Amino acid sequence: MTTLSKNFYTRDDVVKISRALIGKVLVSTVGGIVTSAIITETEAYAGIRDRASHAYGDRRTARTEPMYAEGGTTYVYLCYGIHHLFNVVTGRAGAPNAVLVRAGAPLQGLDTMRERRGRSAPDSRLLSAPGSLAKALGITTALTGTSLIDGAIRIENHGFRVAPSKIVTGPRVGVDYAGADARLPYRFRVDPADVR
DNA sequence: CGAATGATATACT
DNA sequence: GTATATCATTCGA
């Protein structure tokens with residue numbers, strides 16, 4: 001049960017890191033309450049030449065600034081005016097790479113997650129999509145740019161095992177506008193039942 | 001299937 | 001500075 005160290009995040013290959021995050025544990029401490037989840041789905045966003053990335057074409061703005069930080073920090077932004085989406089920034093400083101955490105399986109703080117998500121969400125869907133996952137874990141844009149090493153959000157290795165053959169690779173969701181890049185196999189997911 | 005909902009990027013005046 | 005189109009989505013009809 002160790003917190004992932006800086007050198008996990010600062011590696012070059014964001015796609016590899018995206019795959020490696022499957023089975024790791026995302027932990028948030030918000031309002032003095034700890035909630036955590038096993039990561040079951042991620043997507044890689046690969047720098048300034050990835051049309052699907054917010055940083056495509058080196059679009060460095062107030063919003064995307066956290067993506068340009070050194071790996072090991074967060075990038076949280078508001079999508080569709082409603083949903084806060086949580087990303088892990090990777091790579092070296094100046095290279096805007098990030099991994100979107102799309103889904104998870106509840107581990108700790110189940111009651112709090114249920115409260116945050118509201119009555120209509122069944123347990124099986126508590127963390128089944130990126131907006132829902134952030135909501136259940138209490139993650140908002142207020143936490144963008146914060147450290148994953150010693151901040152309110154961290155990622156730990158609890159020793160959960162996922163057979164490589166159980167990790168499904170495919171194109172990313174909701175990026176049709178990205179042309180050919182929309183078909184890149186940058187999405188990774190595993191059935192929660194295949195995490196031991 | 002489509003409304004909800006607001007920050008943001010971009011293109012104007 | 002102001003206008004407007006767009007968006008790494010979700011939920012309910």
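Proteins get letters first, then strands, A, B, ... in listed order; numbering begins at 1 in each. Predicted model only: the values in this text are computed from it and were never measured.
- Mapping A:V175 and A:S120 onto DNA chain C by nearest heavy atom places A:V175 at the nucleotide closer to the 5' end.
- The base of C:dA8 lies close enough to the side chain of A:Y77 for a donor and an acceptor atom to sit less than 3.5 Å apart.
- If you measure from atom NZ of A:K135 to atom C1' of B:dT5, you get 13 Å, rounded to the nearest angstrom.
- Across C:dC11, B:dA4, C:dA8, the shortest atom-to-atom separation from the side chain of A:S132 is found for C:dC11.
- Spacing between atom CZ of A:R189 and atom C1' of C:dA8 amounts to 16 Å, rounded to whole angstrom units.
- The cluster map of Ile, Leu, Val, Met, Phe, Trp and Tyr, joined by side-chain heavy atoms under 4.5 Å apart, puts A:I22 and A:I38 in the same cluster.
- Listed pair A:R117 / C:dC11 meets the phosphate criterion, a side-chain N or O lying under 4.0 Å from OP1 or OP2.
- At whole-Å resolution of the value, CZ in A:R183 and C1' in C:dA8 are 17 Å apart.
- Heavy atoms of A:L85 sit under 4.0 angstrom from primed sugar atoms or phosphate atoms, though from no base atom.
- Regarding A:L133, its CG atom lies at a distance of 10 Å from the P atom of C:dT10, rounded to whole Å.
- Proximity of A:T141 to the phosphate of B:dA7: no side-chain N or O atom is located under 4.0 Å from OP1 or OP2.
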| request: May I have the step-by-step check of salt bridge (charged side-chain N to carboxylate O under 4.0 Å, His left out) for A:K166 and A:D191, ending in yes or no? | output: CA-CA 8 Å; A:K166 297 291 188 185; A:D191 188 317; over 6 Å; no
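- Donor-acceptor pairing under 3.5 Å is recorded for the side chains of A:D58 and A:Y68.
- For B:dT10, one of the phosphate oxygens OP1 or OP2 lies less than 4.0 angstrom from a side-chain nitrogen or oxygen of A:R59.
- A distance cut-off of 5.5 Å between ring centres, combined with a plane angle under 30°, places A:Y45 in a stacking arrangement with the base of C:dA8.
- Rounded to a whole Å, the OH atom of A:Y80 is 15 Å from the P atom of B:dG2.
- Across the protein-nucleic acid pair, A:H84 atom NE2 and C:dC7 atom C1' stand 14 Å apart, rounded to whole Å.
- The NE2-P distance, from A:H83 to B:dA3, rounds to 15 Å in whole Å.
- At the phosphate of C:dT9, OP1 or OP2 sits under 4.0 Å from a side-chain N or O atom of A:R102.
- Across all strands, A:A129 comes closer than 4.0 Å only to sugar-phosphate atoms, never to a base (heavy-atom distances).
- For the pair A:Y56 and C:dA8, the criterion of a side-chain N or O lying under 4.0 Å from OP1 or OP2 is not met.
- Remark: the backbone N or O of A:D150 is paired with a side-chain donor or acceptor of A:S147 at under 3.5 angstrom.
- A cation-pi geometry, defined here as NZ or CZ lying under 6.0 Å from the six-membered ring centre and within 45° of its normal, holds between A:R63 and A:Y77.
- In the set B:dG6, C:dT9, B:dT5, B:dG6 carries the atom at the smallest distance from any side-chain atom of A:L78.
- Residue A:R172 contributes atom CZ, which lies 11 Å from atom P of C:dA8 at whole-angstrom precision.
- A:Y56 does not carry A:R59 over the face of its six-membered ring by the limits of under 6.0 Å from the centre and within 45° of the normal.
- Nucleotide C:dT4 has B:dA9 as its partner under the Watson-Crick or G-U criteria, with both atom distances under 3.5 Å.
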